Amino acid sequence: MSKFLTASIGRKFVMSLSGIFLMVFIAVHLGLNLLLIFDDSGELFNQGAHFMATNPLVKIVEPILGLGFMVHIIWSFYIEYQNWKARPVKYAKRNMSGASSWASRNMLILGSMVLVFLVIHILDFFVKMKFTGHPLLEEISVKGVYMENAYALVSATFINSTVLSVLYIAGGILLGLHLSHGFWSSFQTLGLNNKFWLKRWQVIAQVYAVIVAVGFAVIPLYFMLGMYK
Amino acid sequence: MADKILKELKIKVWRQKNAKSKGKFETYVINDISTGSSFLEMMDILNNDLIEKGIDPIAFDHDCREGICGTCSLHINGRPHGPDTEVTTCQLHMRKFKDGETIIVEPWRARAFPVIKDLVVDRTALDKILQAGGFVSVNTGGVPDANAIPVARDDAEEAMDAAACIGCGACVAACKNSSAMLFVSAKVSHLAKLPQGQVEAAARAMNMVSKMDELGFGGCTNTGACEVECPKSISITNIARLNREYLKARISR
Ligand code: HEM
Ligand code: SF4
Ligand code: FES
């Protein structure tokens, strides 16, 4: 088994499975976050966040998600190092733009930038909501249930800080670029591809990537531009 | 299209005495090249010039010069087989270049393809991968009568398309990871698609991939550059099939 996980196709298999798992998470996360801009009272988002914070199933999935990120990130550096070693003398001139997409050639750079964003994002919201608390999070009651006012913290962050808003917009776009290649690549890696599905996967990947990029970018924009008023 | 004359070209080419020496670029000027000549003919003319000047001619691989043997190589202006698609270097014509241009010519670069001399690299790694599983172990007899062994038309077509691989190594040269996955997938596919090859399909995928890893090729990240640079346009859907065969073999063992 250990030989499988370090063989070329095995390494990719790990990347693909962890990547697909993260993509499912991203879809759920985006769906929930969009409640931020569909209900300006914040009640819907708060209910969603409360459900995620208290649901027992989510409690089980949360550590697995952390593990998924760790595996994906560690394997990504491992894979890229192995692949980098396979060409000790580099070309003096490379002309690759006609043969492959920029995103496909720069997955580690895109991933690493997403990672930087991720760390800031976790410090920004996750740590405050989960551990340290924050004055803005003070409990409110929605339909008789007491819960943290996550909406207040998130909306205030974007309203008050242009820097953070821009960072979140960039984060969404970077992730979208990562997935414009990553999405279809993960199915190719699993062997779930053929001459009919190749184009289809690639189109679905572009659609998914655009939804992720636009979806995540639109939320800070909404608050930045004062559209909640 | 009448052929024109390229008055002057600068050829910046990798010179390396042998496998051990360091190697460096040298730039040579060459005059009056017809746009109708092939790239290798241009190299022949340049070598003639060099010999007359008492300089060691540039070593490069070539054999059939008609795009079927896979012997010619060369990384020209940043692309394997140069600035054209679906051709080998012997099929590349000088009309793809502009007068006065500097053309950069490098050997294939990959850990598994060490340089032997100048532009010649050792591609026996590809042969070793074939020896690890790119065959059918039993004698399957002569050519069977038409339709004696039923093969669906689609399967026959895909097998033939995969069998078009000439083992040139452009896929490795083009790949940012120096991966030989397109080559291996072509070899695995053209056998896996036909009844004679199916029996050993699982072992073949395992053995050829293990060999590829062992020889120092990189892994595939699905950039698709190989398919674009492959002179035979071998499809990356073959790589999906190889992944499938390999993962199936791993799980069933
Ligand atoms: C939410 C975040 C992320 C998602 C949804 C995601 C998703 C994916 C997917 C689906 C793939 C394709 C796997 C395949 O081709 O089989 C992939 C590849 C990759 N990811 Fe991520 N990823 C994320 C974050 C990251 C981070 C933080 C890093 C690194 C620091 C990273 C680095 C990479 C690299 C280098 C690849 C290319 C590997 C390859 O194609 O062989 N990713 N990612
Ligand atoms: S797959 Fe294409 S590029 Fe690779 S060795 Fe075969 S013919 Fe050459
Ligand atoms: S010399 Fe045979 S393919 Fe070019």
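Fair warning: this is a prediction, and the values are worked out from it, not measured in the lab. In what follows, chains are A, B, ... by sequence order, proteins preceding strands, each numbered from 1.
- If you check the side chains of B/Asp213 and A/Ser8, you find a donor sitting under 3.5 Å from an acceptor.
- Highest contact tally toward chain A, considering only B/Ala112, B/Ser210, B/Cys220, B/Ser179, is held by B/Cys220 [criterion: heavy-atom pairs under 4.5 Å].
- For B/Cys175, the part lying near chain A is the backbone, with the side chain staying farther off; criterion is any non-hydrogen pair under 4.5 Å.
- Here B/Asn243 is the residue among B/Val228, B/Asn243, B/Thr237 with the most heavy-atom pairs under 4.5 Å with chain A.
- At a 4.5 Å heavy-atom cutoff, the contact between B/Tyr246 and chain A is made by side-chain atoms alone.
- Contact of B/Ala173 with chain A is made through backbone and side chain together, with heavy-atom distances under 4.5 Å.
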From CA spacing to verdict: salt bridge (Lys or Arg N to Asp or Glu O under 4.0 Å), B/Arg15, B/Glu26:
CA-CA 7 Å; B/Arg15 302 303 312 259; B/Glu26 294 282 357; over 6 Å; no

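- B/Phe97 has its ring centre less than 6.0 Å from the ring centre of B/Phe39.
- Heavy atoms of A/Lys12 lying under 4.5 Å from chain B belong exclusively to its side chain.
- There is a side-chain donor-acceptor pair under 3.5 Å between A/His72 and A/Ser18.
- Each of B/Ser235, B/Cys226, B/Ala225, B/Ser178 has some count of heavy-atom pairs under 4.5 Å with chain A, and the biggest count is that of B/Ser178.
- Residues A/Gln188 and A/Ser185 bring no donor and acceptor atom of their side chains to less than 3.5 Å of each other.
- Proximity to chain A is limited to the backbone of B/Val172, based on heavy atoms less than 4.5 angstrom apart.
- In this structure, B/Leu46 CG and B/Ile30 CD1 are separated by 4.5 Å, a value rounded to the nearest 0.5 Å.
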